[in-house]
Each structure stands twice: as C-alpha cells, then as structure tokens.
Amino acid sequence: EYAVNGECAAGTGAFFEDQMYRLGLPLESYSDYTDRATSVPRLAGRCSVFAKTDLIHRQQEGVSAEDILLGLAYAVVRNFKTSVVRKHPVRKPVLLSGGVVKNRGVIRAVKEIFGLEDGEMVCDDCGTVVSAAGLAMLAMEWKVRVDWEWICGETSEPVGTRMCENADTCDMGMACSVEGQEAASENQEPGESGKMLPPYQYEKDQLHKTRTPKPGESMWLGVDVGSTSTNLVLIGENQEVLDYCYIRTSGNPVRAVEEGLAALKPTMDLAGTPIVQTAVTGSGRYLIAKRLGTEYVLDEITAQARAASYLNPDADTVFEIGGQDSKIICVSDGIAVDYAMNTLCAAGTGSFLSSQAHRLGVEVEEFGDIALTSTKPANIAARCTVFAESDLVHKIQVGYAREDIIAGLCRAVASNYLNNVGKGKKIAAPVVFQGGVSKNAGVVHAFEEQLGMPVAVDPDGHLMGAFGAALLAADAGPIEG
C-alpha cells in the first residue's frame, strides 16, 4: 500500500531550495538556521505558492529568517500529512528518506506532527540514497543486463536489447529498455507551433534620464518595497529624476532601504536640502513608512498608474508583473478607473521565473535573450506555478533544448496573466508593461504574440512603482506644519 503526491509539487524539497535562493542563503545552511529558531510561525501549507506569499508577509512583519525557515519546514510536513499520508496508517518505526533527511528542521517537524518519540523514526544521511539502493537490489534480483560501454559512450551503438527478464510486467521497463526510451522521446513533440518568437526592439534611450541636482533644489523620494526588490527614486524640480537604485530585498526590507538611502546620499548632499516629502508603496510599505517617519503611504495601483501616465500619456492599459504579484490597470485621462490583481497564488510572477532560472543554471536576466533563440518553444503548463515547475522538470528529463524550455516558460507567464489577472478586462491599446518582469524580452514577445498588438516597455520599467510614488509625493506639495 502506498500513496504519492499528484501533479502539485507542494511539500517537496524543491520548495526549500527556492526559498533559500530567495533569501540569498546556501541550501546547506538550512539546518543551522532552524537550530537557532525560537518560535514556529504559522505559514500556509496547502500550496507551495501560497506558502511563498505567506513567507514574504512574515519577512515584512520582521519575523527572523530562522523562525521563518522552521515554520516553512512545519508547513511542508503538515501539507505532506494532509495531502499524501491522509488516512493511511502510520506504523512505527517510520523510515524518513530523500534529500530532506539532511534538514534538521524537517526532522523536528516530522517527529512533532506525527507524534514520534526517539527511536520511532529511522533517519540518517544514508536516507538520501534509499531509492537508488532499492533499484540496485531489484536490478540484481531481476538480473538486469546493461551495456555499460554504450552508456559510458565507449561504443556508438548498444549491443543487443537491454531488457530485464520481467519487462512485460516490470515498472522498470522504461529504465532498462532502449525501445522504451525511444518511444517516450517520439511521443514528446516539442512545441505545437514550432514558431519562433518575433523580434522586439527596446527603446535604447531612457525615457527619463538622471541629472545632477542644483544647490538648494527641492527633492522628493519614492520608495517601492517589494518581495523581490526594493527600489528608490529621487526626483527634483520639474519632476526630473536625479538618482535611483534597485536593491534585492532578500527577506530584509529594512536593510534594503538603508542600503538604498546610503546609495542616494551623495546625490542628496549635492543639493544640500532635506527631502520635501517621502512616499512609500509596495507590499512592505507600512513597515518602511513607519521606519522612515512618513505618513504618505500609497497603494501600488495608484503609484503604477501615475508613472505609466507620466511617461505614456495616451496609455489605456497597464500590465504590471513584479516578483510576487501582478496587476492589470485600466487608465483613462491618467486616472486608474479599473484594475485587477492576482489572488494569493503567485502563478505567473517574477519569483517563478527567478526560481526556474536558478534551477536551469542561468541568470534570470539572460532569460529574454535565450528565449529569442528558440525555434520550437515547449508547451509549459500555465494554470499553476507549481504545475508549471513539474512540467518543466519533465521537459528537461525528456531532452527539450534549454532555449525551448525558457521560451515556453515566458509564454506560460503571459498566458497565465491574460487568462487570470486580465480575465474580463478590456485590454485596449496603447498597452504599457511595467514591473521587474518587463525587463524580460521573452515575456514581452509572448504578450505581443498573444495580444496581436505592440506592448510599450520603458527601459526602467522595474522602477515604476518608486517613480510613481515620487511623482505623487511631489503632487502632494510641501509638508504642512
């Protein structure tokens, strides 16, 4: 008797890897962090993507990384119990195997959640090779014949058929049989259309260039505190940009803002005047507004719409995809008249692309250029980020080219956005694309292909939240009193 997870990869080790990457921490240090935890915060465990969103909220509330990582371990184990174990009897002793045996936070959670005492759970470093050892024992029992010279590349053709004696009934048939592997490859057709993504030319010159502040000039600061990045934009008189910076939040928005202010200080010193007004937006806006001593807190819709309308006065529709959330904003005469956001699920946002870039061993900044080289984009599931991740792993296993997988991911992000966030909304031209994902040429191409219209992208589209906040701070005028 056994049970396995379904299509959803919630509760598996890949999620731990993604979150450590998000926090900028090495995966092998996970146990050291959980050993120092002092509490177990409650995190969503029913879905890996919901848990990721919950994790970011805890970071912005000031919960330590140590406590968050232990809470994540408990969330994953609770999810495993409810979605995989369910009503199956848990008889002692329990064997824990797989890569998570190296995670002491998970071991602690398994013991507590399943009520296991010392000696009732078998778990050591050998747990990482349990499956491989089992396969070796089955291969020996079934007398599997393997042409190692062909596998190691010493011969160009396999000698004979390497089929186990029980091939007709054996689940290992695909692993032992050349015929099985060839059949699997023939049944996996990369991309239905085989159409190469169309070329897209970015504006080479920035639509708003920085300039040196004049002595005594008035300045306004916009701060956008997001899950992935923290952006600061400093503007002067005539709403001209004086300086800006982009900093990885890495789970610590307070540190990110402090680094940003330090980076902008030389420019502020040139003016020699204090900032007239600071406005804060983004998911961490309340925490940072309190730290900066400002009461000017803005929602992200208003800030994004203000920036889009300033740079593109005729804009009717604004797409914004950030690290953890996405929005569509319908604009009329520079005012946001309708909008929609993604729900708790972060499917189709930048965090997914960042995680998959890490999985594929490339920089996320390279995704767009790589996607443009694809001639047969792979079809990647777009209805859910976790399903898409499982689909990606499958495509890698059956031999899809890296550029085709990356192009498929870009298409999946665009498709998921239009089918979920943009559902029921009137998408009218001109369309402006903002947020960190707007830097990805592959996603821009995918939007243009699926919409059948051009999509305008500012070279500094990732800074639009902070720029809009700075513009609104200037609109508000000087501080009274």
Is Asn79 reaching over with its side chain to a backbone N or O of Ala75, donor-acceptor style, under 3.5 angstrom? no

Contacts of Lys81 that satisfy salt bridge (charged side-chain N to carboxylate O under 4.0 Å, His left out) - sequence neighbours left out: none

Check side-chain contact (heavy atoms from CB on, under 4.5 Å) between Val40 and all other residues, then give those that pass, not counting sequence neighbours. Leu70, Tyr74, Arg108

In Å and rounded to the nearest 0.5 Å, what is the CD to CD1 distance from Gln304 to Ile328? 13.0 Å

Non-hydrogen atoms of Leu292 and Val257 that approach each other most closely: CD2-CG1, 4.2 Å

Using modelled atom types and a 3.5 Å cut-off, is there a donor and acceptor pairing between side-chain atoms of Ser374 and backbone atoms of Ala371? no

Heavy atoms only: give me the nearest Pro41-Val63 pair and the separation to one decimal. CG-CG1, 4.3 Å

Counting N and O atoms only, with roles assigned by atom type, does the side chain of Ser31 sit under 3.5 Å from a partner on the main chain of Lys102, one being a donor and the other an acceptor? yes

Heavy-atom pair with the smallest gap, counting every atom of Ala469 and Ala303: N-CB, 4.1 Å

Please step through ring pair (Phe, Tyr, Trp, His ring centres under 6.0 Å) for the pair Tyr417 and Phe447, ending with a clear verdict. CA-CA 9 Å; Tyr417 178 93; Phe447 271 128; 5.4 Å; yes

Under the side-chain contact (heavy atoms from CB on, under 4.5 Å) test, residues paired with Ser229 that sit two or more places apart: Asn231, Tyr246

Could you pull out the closest heavy-atom pair between Asn312 and Ala456, with the gap in Å? OD1-CB, 4.5 Å

Verify the neighbour count for atom CG of Asp269: are there more than 12 heavy atoms of other residues, nucleotides or ligands below 6.0 Å? yes

Taken in chain and number order and not counting sequence neighbours, the residues that satisfy side-chain contact (heavy atoms from CB on, under 4.5 Å) with Ser64 are Glu66, Asp67

For Ile335, I'd like to know if atom CD1 has over 12 heavy atoms of other residues, nucleotides or ligands within 6.0 Å. no

Find the distance between CG (Leu261) and CG (Leu234) and round it off to the nearest 0.5 Å. 10.0 Å

Residues passing the salt bridge (charged side-chain N to carboxylate O under 4.0 Å, His left out) test with Arg42, sequence neighbours excluded, are none

Please list all pairs meeting salt bridge (Lys or Arg N to Asp or Glu O under 4.0 Å) that have one or both residues in residues 423-437, counting only residues at least two apart or in different chains. Asp338-Lys425

Residues in ring-ring contact (aromatic ring centres under 6.0 Å, His included) with Tyr33, at least two apart? none

Distance, nearest 0.5 Å, that separates NZ of Lys439 from CD1 of Ile321: 15.0 Å

Listed by chain and number, what are the salt bridge (charged side-chain N to carboxylate O under 4.0 Å, His left out) partners of Arg248, not counting sequence neighbours? Glu365

Tyr244 side-chain N/O to Ile235 backbone N/O, donor-acceptor pair under 3.5 Å: no

Once salt bridge (Lys or Arg N to Asp or Glu O under 4.0 Å) is applied, what residue pairs with a partner in residues 463-476 remain, sequence neighbours excluded? Arg306-Asp475

What is the distance from atom OG1 of Thr375 to atom CG of Asp404, rounded to the nearest 0.5 Å? 5.5 Å

For Glu217 against Glu237, the heavy-atom pair lying closest together: OE2-N, 2.8 Å

Under a 4.0 Å threshold between the charged nitrogen and the carboxylate oxygen, would Glu61 count as salt-bridged to Arg58? yes

Would you say Asp299 and Thr302 are linked by a side-chain donor-acceptor pair, where the criterion is simply a distance under 3.5 Å? yes

Would you confirm whether Lys395, through its side chain, and Asn379, through its main-chain N or O, come within 3.5 Å as a donor-acceptor pair? yes

Quick one: pull up OG1 in Thr230 and CD in Glu259 and give me the separation to the nearest 0.5 Å. 9.5 Å

Can you list the steps and then say if Arg411 with Glu449 is a salt bridge (Lys or Arg N to Asp or Glu O under 4.0 Å)? CA-CA 9 Å; Arg411 284 186 169 187; Glu449 186 179 57; 3.2 Å; yes

Glu112: which residues meet the salt bridge (charged side-chain N to carboxylate O under 4.0 Å, His left out) condition with it, sequence neighbours left out? none

Looking at Leu463, is its backbone amide N or carbonyl O close enough to the side chain of Asp460 to form a donor-acceptor pair, meaning the two atoms are under 3.5 Å apart? no

Would you name the heavy atoms of Met464 and Ala307 that are closest together and state the gap between them? O-CB, 3.3 Å

Check this for me: does any side-chain nitrogen of one of Arg36 and Asp32 sit under 4.0 Å from a carboxylate oxygen of the other? no

Working to the nearest 0.5 Å, report the span between CE of Met20 and CG of Leu69. 5.5 Å

Please enumerate all residues that pass ring-ring contact (aromatic ring centres under 6.0 Å, His included) together with Phe367, with sequence neighbours excluded. none

Selection residues 279-295 - residue pairs positive for side chain to side chain donor-acceptor pair (under 3.5 Å), sequence neighbours left out: Gln60-Ser283

Test your reading of the model: is there a side-chain donor-acceptor pair from Arg255 to the backbone of Thr249, 3.5 Å cut-off? yes

